[in-house]
There are 2 protein chains.
Amino acid sequence: MVSIKDIAKQAGVSISTVSLALNGSPKVTDETSAKILAIADQLNYVPNAAARSLKTRESKIIGVYLTDFNGAFYGDLLQGVKEVLNRKEYDMVVCSGKQSHRLLPERMVDGAIILDETFSSEELLKYADLGHKIVVLDRELNHPNINQVLLDNKAGAALAVEHLIEQGHRKLYVVTGPKGSYDSKQRLKAARQTAARFDGVELMEIEGNFNKSDGEQAAERILREYTSPVAVFCLNDEMAIGLYNAVKHTDYVIGRDIHVIGFDNIELSEYTVPRLATIDYSKRKWGALASEQLLKVLAGEPVEHERVYVTLVKGDSAGKA
Amino acid sequence: MVSIKDIAKQAGVSISTVSLALNGSPKVTDETSAKILAIADQLNYVPNAAARSLKTRESKIIGVYLTDFNGAFYGDLLQGVKEVLNRKEYDMVVCSGKQSHRLLPERMVDGAIILDETFSSEELLKYADLGHKIVVLDRELNHPNINQVLLDNKAGAALAVEHLIEQGHRKLYVVTGPKGSYDSKQRLKAARQTAARFDGVELMEIEGNFNKSDGEQAAERILREYTSPVAVFCLNDEMAIGLYNAVKHTDYVIGRDIHVIGFDNIELSEYTVPRLATIDYSKRKWGALASEQLLKVLAGEPVEHERVYVTLVKGDSAGKA
DNA sequence: TTGTATGCGTTATCAT
DNA sequence: ATGATAACGCATACAA
């Protein structure tokens with residue numbers, strides 16, 4: 001490995017001069033600077049990140065923690081994070097799984113963006129206490145070193161339920177997400193509240209886990225109980241698509257007998273027939289916002305929690321009653 | 001930040017004893033060791049990765065480089081990588097974009113797995129020359145520090161074309177991938193060779209870029225030129241699905257007028273109607289193999305290039321002529 | 001079994 | 001404008 005020491009020797013100067021030159025300091029002559037840079041280039045010099053981090057106490061790397069790498073869902077969000085970070089000379093790495101948690105306390109990353117229920121709040125608070133900076137996208141957590149950028153789930157769920165009711169539906173099902181999911185809990189709560197605001201609206205709950213198969217199972221129950229057209233609010237699109245698949249094998253028709261609305265507006269939803277009604281939000285902006293917040297926290301700027309707004313996407317899957 | 005120095009002070013021993021104890025050396029009494037561990041725990045001690053890396057010259061982290069984070073495609077592959085690495089006390093980070101390349105030469109990662117055409121072979125060779133260990137999944141590159149784990153594209157493309165021909169088709173289209181894609185080039189070449197082996201088989205090429213929209217555009221041309229049933233080999237499933245979508249809006253029917261076979265067997269393909277015929281391979285195994293190879297290279301073990309085998313998945317999308 | 005001393009590659013402070 | 005030197009936190013060879 002070639003270090004500044006090697007460059008110094010070759011250039012006949014001291015390592016301090018080399019360091020200054022490499023960092024573009026004006027305190028060194030253009031002449032010597034040019035010479036040093038040339039030699040560095042010729043020797044294929046690359047600074048050692050560990051040494052630099054040890055000294056500067058920062059890595060210029062941000063870690064994004066995900067539950068897994070499945071789902072085209074994350075693509076845009078990560079793109080949003082990366083764009084913002086890269087513009088500020090930071091790099092992004094994505095990781096998953098308990099073992100990677102160490103990157104944060106060991107200071108391999110300067111901060112973390114969390115979208116991973118399996119990363120316990122307890123552990124996050126511990127790291128925050130130790131001074132590490134974190135942005136959470138999937139829970140509420142109040143700590144000076146933690147900022148939260150959350151989806152406006154309540155507004156989204158309200159929009160969804162109101163839309164179904166406006167379409168004339170009175171008999172509603174809601175297919176829930178994982179018990180531990182913040183998004184699911186929020187959406188469910190808002191759905192209940194919204195439904196309760198209307199007279200004669202009946203809301204039945206079916207447990208799900210945000211997977212396609214849960215939508216399929218929900219369909220089974222719904223069809224079993226079928227007496228007249230019903231509306232279903234799947235708390236995410238994935239389950240709505242599972243429901244589509246199950247109904248496809250029957251004589252019932254989505255948008256006529258079974259009316260459906262989802263949440264997330266994932267890419268796949270655009271290709272559904274009939275078009276799945278759903279709740280949309282910019283995943284890219286979500287990621288961008290999260291990283292902006294994290295950079296502010298790292299810079300010591302005071303920041304308020306942020307919220308990502310959502311909109312209703314109408315679709316023939318949720319027709320008139 | 002609490003360092004071994006703090007622990008040493010508190011425990012009334014020297015830093016070397018602390019270091020030994022923390023690393024579970026048998027050279028230190030169980031008694032003092034226990035005391036030290038207790039204090040370390042109490043002080044919330046976490047080793048500093050930078051300092052450790054600087055000393056040991058390794059980070060125990062492997063970087064996986066992807067073009068982007070879209071496509072559920074990568075999920076299984078990354079899972080395969082992660083499982084193998086975690087078992088060996090390594091961590092995986094996933095990155096994308098030119099800016100992250102630095103992690104390799106700067107020794108922030110001990111090695112890299114490349115699935116990113118935009119990472120130039122020239123640059124990879126440069127790093128390999130500097131002693132960095134690399135496994136490539138998307139090109140042929142011969143260098144002592146580079147190992148390749150490639151898909152058996154040729155076999156896959158041959159299987160696909162042979163299947164269409166066996167079904168009685170003589171008029172074939174092939175929708176290609178990006179010009180720079182190794183997978184695309186290999187598949188196209190094998191498709192041509194296979195078609196050429198049969199008399200009376202006509203193979204027409206349509207340029208694509210592995211995106212859904214390319215499949216849609218290909219469909220337009222195919223339908224424009226339509227005179228009798230044709231078969232189409234889309235060099236990836238994504239484009240095949242685009243083709244499905246375009247045909248859906250017409251009177252033509254997939255599996256009757258337009259026969260289609262894809263490549264990759266992505267998750268979405270399982271949900272297509274009719275079932276898309278395609279070429280399957282274990283993405284998980286691919287990732288596992290890649291990381292195993294990388295670990296071997298890192299350990300200095302001699303390794304041969306590896307190959308991931310593929311199989312044909314029949315589907316009603318490619319019916320009898 | 002434990003302590004002392006050195007160095008990893010870099011940045012930064014202080015002289016010169 | 002440049003150089004000598006210390007320090008970051010850790011591992012380790014060697015001494016005691």
Side-chain angles (χ1 to χ4, degrees), chain A residues 1-37 39-40 43-61 89 102-108 110 130-132, chain B residues 1-37 39-40 43-61 89 102-108 110 130-132:
Chain A
M1 176 187 291
V2 30
S3 77
I4 55 172
K5 212 183 274 182
D6 302 304
I7 303 178
K9 203 176 295 174
Q10 181 115 15
V13 296
S14 79
I15 60 163
S16 354
T17 309
V18 173
S19 180
L20 289 175
L22 290 175
N23 289 312
S25 164
K27 309 179 66 178
V28 54
T29 328
D30 285 357
E31 192 186 0
T32 41
S33 184
K35 184 165 128 198
I36 288 171
L37 290 220
I39 293 176
L43 294 183
N44 281 311
Y45 168 78
V46 179
N48 181 296
R52 186 166 4 86
S53 289
L54 184 57
K55 193 64 187 157
T56 64
R57 297 168 152 286
E58 60 178 13
S59 64
K60 289 288 180 186
I61 297 177
E89 311 285 89
R102 70 175 178 96
L103 301 192
L104 183 58
E106 292 186 0
R107 306 192 101 86
M108 185 119 275
D110 293 344
L130 291 174
H132 302 288
Chain B
M1 175 186 291
V2 31
S3 76
I4 55 171
K5 211 183 275 180
D6 302 303
I7 302 178
K9 203 177 295 174
Q10 179 115 15
V13 298
S14 77
I15 59 164
S16 38
T17 308
V18 174
S19 179
L20 289 173
L22 289 175
N23 290 311
S25 164
K27 309 178 70 178
V28 55
T29 329
D30 285 356
E31 191 186 359
T32 42
S33 183
K35 183 164 126 200
I36 288 170
L37 291 219
I39 293 177
L43 294 184
N44 281 312
Y45 168 77
V46 180
N48 180 294
R52 185 162 14 79
S53 289
L54 184 57
K55 192 65 187 159
T56 63
R57 308 173 91 70
E58 60 177 14
S59 64
K60 290 285 181 188
I61 297 177
E89 311 285 271
R102 71 175 178 95
L103 302 193
L104 184 58
E106 292 186 1
R107 297 188 168 284
M108 185 116 274
D110 292 344
L130 291 174
H132 301 288

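Chain A is the first sequence line, chain B the second, and so forth, proteins listed ahead of strands; every chain is numbered from 1. Heavy atoms only: backbone and side chains are in, while hydrogens, waters and symmetry mates are out.
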J.: Report the distance from atom CD of Glu31(A) to atom OG1 of Thr29(A), rounding to the nearest 0.5 Å.
T.: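 Rounded to the nearest 0.5 Å, the CD-OG1 separation comes out at 6.5 Å.
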J.: Are any of Ser53(B)'s side-chain N or O atoms less than 4.0 Å away from OP1 or OP2 of dC10(D)?
T.: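 No, no such contact exists.
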J.: Tell me whether the count of non-hydrogen atoms from other residues, nucleotides or ligands lying under 6.0 Å of CG in Asp30(A) goes above 12.
T.: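 No - once you tally the heavy atoms of other residues, nucleotides and ligands closer than 6.0 Å, there are 12 at most.
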J.: What is the minimum heavy-atom distance between Arg107(B) and Asn48(A), and which atoms define it?
T.: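 Between these two residues, the closest heavy atoms are CD-ND2, 4.1 Å.
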J.: What is the distance, to the nearest angstrom, from the NZ atom on Lys35(A) to the P atom on dA1(D)?
T.: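 About 16 Å, once rounded to whole Å.
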J.: Between dA11(D) atom P and Ile7(B) atom CD1, what is the distance in whole Å?
T.: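 Checked: the CD1 to P distance equals 11 Å.
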J.: So, applying side chain to side chain contact (heavy atoms under 4.5 Å, CB included) with Val13(B), which one of Ile39(B), Ile7(B), Ile36(B) is it?
T.: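 One option only clears the test, and that one is Ile36(B).
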J.: Does Thr17(A) place a side-chain N or O at less than 4.0 Å from the phosphate oxygens OP1/OP2 of dT2(D)?
T.: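 For Thr17(A), the contact criterion (side-chain N or O under 4.0 Å from OP1 or OP2 of dT2(D)) is not met.
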J.: Heavy atoms only: give me the nearest Met108(A)-Ser59(A) pair and the separation to one decimal.
T.: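 Looking at all heavy atoms of both residues, the shortest contact is O-OG, 2.9 Å.
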J.: Using atom NZ of Lys60(B) as one end and atom C1' of dC10(D) as the other, report the distance to the nearest whole Å.
T.: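 Atom-to-atom, Lys60(B) to dC10(D), this comes out as 16 Å.
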J.: Strictly under 4.0 angstrom, non-hydrogen atoms only: write out the protein contact profile of nucleotides 7-16 of chain C, one letter per nucleotide from the 5' end, B, S or -.
T.: BBBBBB----
J.: Between Ser14(B) and Thr17(B), does any side-chain donor sit less than 3.5 Å from a side-chain acceptor?
T.: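 Yes, Thr17(B) and Ser14(B) have a side-chain donor paired with an acceptor closer than 3.5 Å.
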J.: Provide, to the nearest angstrom, the distance between the CD atom belonging to Glu58(A) and the P atom belonging to dG9(D).
T.: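 That distance rounds to 15 Å.
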